[in-house]
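Below: the structure, in structure tokens.
Hydrogens, waters and symmetry mates play no part in the numbers below; they use all other heavy atoms, side chains included. Chain identifiers are assigned alphabetically (A, B, ...) following the order of the sequence lines, protein sequences preceding nucleic acid strands; residue numbering begins at 1 within each chain.
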There are 2 protein chains.
Amino acid sequence: MADGVVERSRPRDRILETARDMFHKHGIKGVGVDAITEAAGTNKMTLYRHFESKDELIVECLRANAAKAGAMWDVFEAEFPGDKLAQLHAWVRKAAAVLKADGRGCDMANAAAELTEPDHPARLVIKELKEAQRERLVTLCRDAGIGQAELLADTLSLLFEGARVSVQTVGTEGPSTQFVRMAEGLIVSFRGTAAG
Amino acid sequence: MADGVVERSRPRDRILETARDMFHKHGIKGVGVDAITEAAGTNKMTLYRHFESKDELIVECLRANAAKAGAMWDVFEAEFPGDKLAQLHAWVRKAAAVLKADGRGCDMANAAAELTEPDHPARLVIKELKEAQRERLVTLCRDAGIGQAELLADTLSLLFEGARVSVQTVGTEGPSTQFVRMAEGLIVSFRGTAAG
DNA sequence: TCTGGAAGTTACAGACCGGTAACACCCTAG
DNA sequence: CTAGGGTGTTACCGGTCTGTAACTTCCAGA
């Protein structure tokens, strides 16, 4: 697990990677900074030299998550250069793979569930990052020639988000098993009414 | 707020109601038993005379939530006796109303995000209650004459679940605003392919 | 080889957590 | 009026939490 990260890299990077992993697995309030630093092979003072508080560490973890997830768009473009519809189908497959591989939900959604203070710094970046993700999917749908691109993108987003929650509550054998069928059906349906 | 509950009822009921309210607003790990009992106008000893632990209190809160939410099915039946399709549309309207009224997500989903221990007692009841909810919606879809009742019910479930998450992350002005249009479109679409 | 900054170590502060013990109180059913 | 159970009060236990202070060690670059 995180031991691979511990081996040799800068303490800041190790802390960030370990915190991402532990926050994801055990929740934010379920992990203390002591546990993070110990798993990262360092100590609390070093953490507080690089992050001014646990809250700032949380924010950095969320940003790092989004950056890592955002890389998939480049992969899609590399796999299907210029073919936006194929990239949309790739998104569906990627989403389904995430559903199968990971029983914990979306880190941003989980963080929003845990951090209820309306002015918590993480809330701002969660909103910002989620809106950016939405914009990307809308653009992909539009470039794929879908008529009501926003509506399809939002529908696919909500379906995926709901499926992630479902996996976390009833497991991988629940309604989320139908995600691909739902998504593909929607794309077909929206392609039928395309205005392009 | 919870003050209305404090006035006159048994301590156990006050504790349960107050805990439900506070868990919902601030999350489970964001509320201590001291805060609950104080808001309920009682004290910690009384809480532990009625609930053997905080975990058991959590479980009872989840059950109470589900019971309260489950009452809506009777309301639908009373409003549209025998007309299952009308009741399905009523479910959509009810879901949309919840999205507008409540910025916090589903308590069960939030609890699942917070309580990561695989053998936490709440996890069992969450799964149990979620599966019961799913069964109800499937039955309603089937009785409404929908061909692929399970698939429609699951799609609507995931859409609603996703919309609740979306409200919590990007707010009520995000993709969740399209929920009714999505859901109604799906019902129309599934009615078109109805089998009997 | 020397030096300066990054990192490790230990100890601690102050708050909060879930949970319990011992005891005083009050109100109602008999 | 009396007995007893439900309730309130206070104090406490051991543990954990975020965050800090003071000091030592290490290592790379000049």
Side-chain angles (χ1 to χ4, degrees), chain A residues 2-3 5-20 22-23 25-62 110-111 113-117 119-123, chain B residues 2-3 5-23 25-62 110-111 114-117 119-123:
Chain A
D3 288 348
V5 169
V6 177
E7 38 180 65
R8 220 29 20 200
S9 58
R10 271 138 155 202
R12 188 181 194 279
D13 297 332
R14 284 180 294 167
I15 290 169
L16 201 57
E17 283 305 298
T18 309
R20 288 210 307 140
M22 296 183 75
F23 285 155
K25 285 181 185 160
H26 311 297
I28 290 173
K29 298 198 178 177
V31 178
V33 292
D34 277 312
I36 293 171
T37 54
E38 187 190 335
T42 177
N43 56 75
K44 199 157 49 172
M45 271 313 301
T46 299
L47 186 151
Y48 281 103
R49 284 188 192 111
H50 289 286
F51 305 93
E52 77 169 13
S53 67
K54 185 184 180 182
D55 283 346
E56 190 190 287
L57 174 61
I58 294 167
V59 167
E60 291 307 309
C61 284
L62 291 173
N110 289 347
E114 284 197 81
L115 309 174
T116 63
E117 307 97 320
D119 57 346
H120 192 289
R123 295 210 139 266
Chain B
D3 289 348
V5 168
V6 177
E7 39 178 66
R8 226 13 38 189
S9 59
R10 279 157 153 175
R12 187 181 195 280
D13 297 333
R14 284 180 293 165
I15 291 168
L16 202 57
E17 283 305 299
T18 309
R20 287 210 306 139
D21 182 64
M22 295 182 75
F23 285 155
K25 286 181 185 159
H26 311 296
I28 291 174
K29 298 199 179 177
V31 177
V33 293
D34 278 311
I36 294 171
T37 54
E38 187 190 333
T42 178
N43 55 75
K44 199 157 48 169
M45 272 313 301
T46 300
L47 185 150
Y48 280 103
R49 284 187 191 110
H50 290 287
F51 305 93
E52 75 170 13
S53 66
K54 185 185 180 183
D55 282 346
E56 191 190 285
L57 175 61
I58 293 166
V59 167
E60 292 306 309
C61 285
L62 292 173
N110 289 347
E114 284 197 80
L115 309 174
T116 62
E117 306 96 321
D119 58 344
H120 192 289
R123 295 210 141 264

So A/Phe23 and A/Asn110, do their side chains get closer than 4.5 Å, heavy atoms only? no
Value in whole Å for how far the P atom of D/dT10 lies from CD of B/Glu38: 13 Å
Side chain of B/Glu114, backbone of A/Ala113: donor and acceptor closer than 3.5 Å? no
Given axes from five pairs at either end, by how many degrees does the helix from C/dT1-D/dA30 to C/dG30-D/dC1 bend, rounded to 10°? 10°
Could you encode protein contacts along nucleotides 14-22 of chain C as a string, one character per nucleotide from 5' to 3', using B for base contact, S for sugar-phosphate-only contact and - for no contact, with a heavy-atom cut-off of under 4.0 Å? ---SBBBBB
Just the rounded figure in Å: distance from P of D/dG6 to CG of B/Asp13. 15 Å
Closest heavy-atom pair and its distance - B/Ile36, B/Met22: CA-SD, 3.9 Å
Expected rows: protein N/O vs nucleotides 26-28 of chain D N/O, under 3.5 Å:
none

Could I get the full list of side-chain hydrogen bond (donor to acceptor under 3.5 Å, both in side chains) partners for A/Arg20, not counting sequence neighbours? A/Glu17, A/Asn65
Under the salt bridge (Lys or Arg N to Asp or Glu O under 4.0 Å) definition, can you give me all pairs with a residue in residues 52-61 of chain A, not counting sequence neighbours? none
Run the side-chain donor-acceptor check on residues 37-49 of chain B: report pairs under 3.5 Å with partners two or more places apart or on a different chain.
from, atom 1, to, atom 2, distance (Å)
B/Thr37, OG1, B/Val33, O, 3.1
B/Thr37, OG1, B/Asp34, O, 2.9
B/Asn43, OD1, B/Met45, N, 3.3
B/Asn43, OD1, B/Thr46, N, 3.1
B/Asn43, OD1, B/Thr46, OG1, 3.2

Phosphate-side-chain proximity, B/Thr46 and D/dT7, N/O vs OP1/OP2 below 4.0 Å: no
Which whole-number value in Å describes the distance from A/Asn43 CG to D/dT25 P? 15 Å
If the cut-off is 4.0 Å, is A/Thr42 near the phosphate of C/dA7, judged by side-chain N/O to OP1 or OP2? no
If I compare all heavy atoms of A/Glu117 with all of A/Arg123, which pair ends up nearest, and what's the gap? O-CD, 3.3 Å
Any side-chain N or O of A/His50 less than 4.0 Å from the OP1 or OP2 oxygen of C/dA6? no
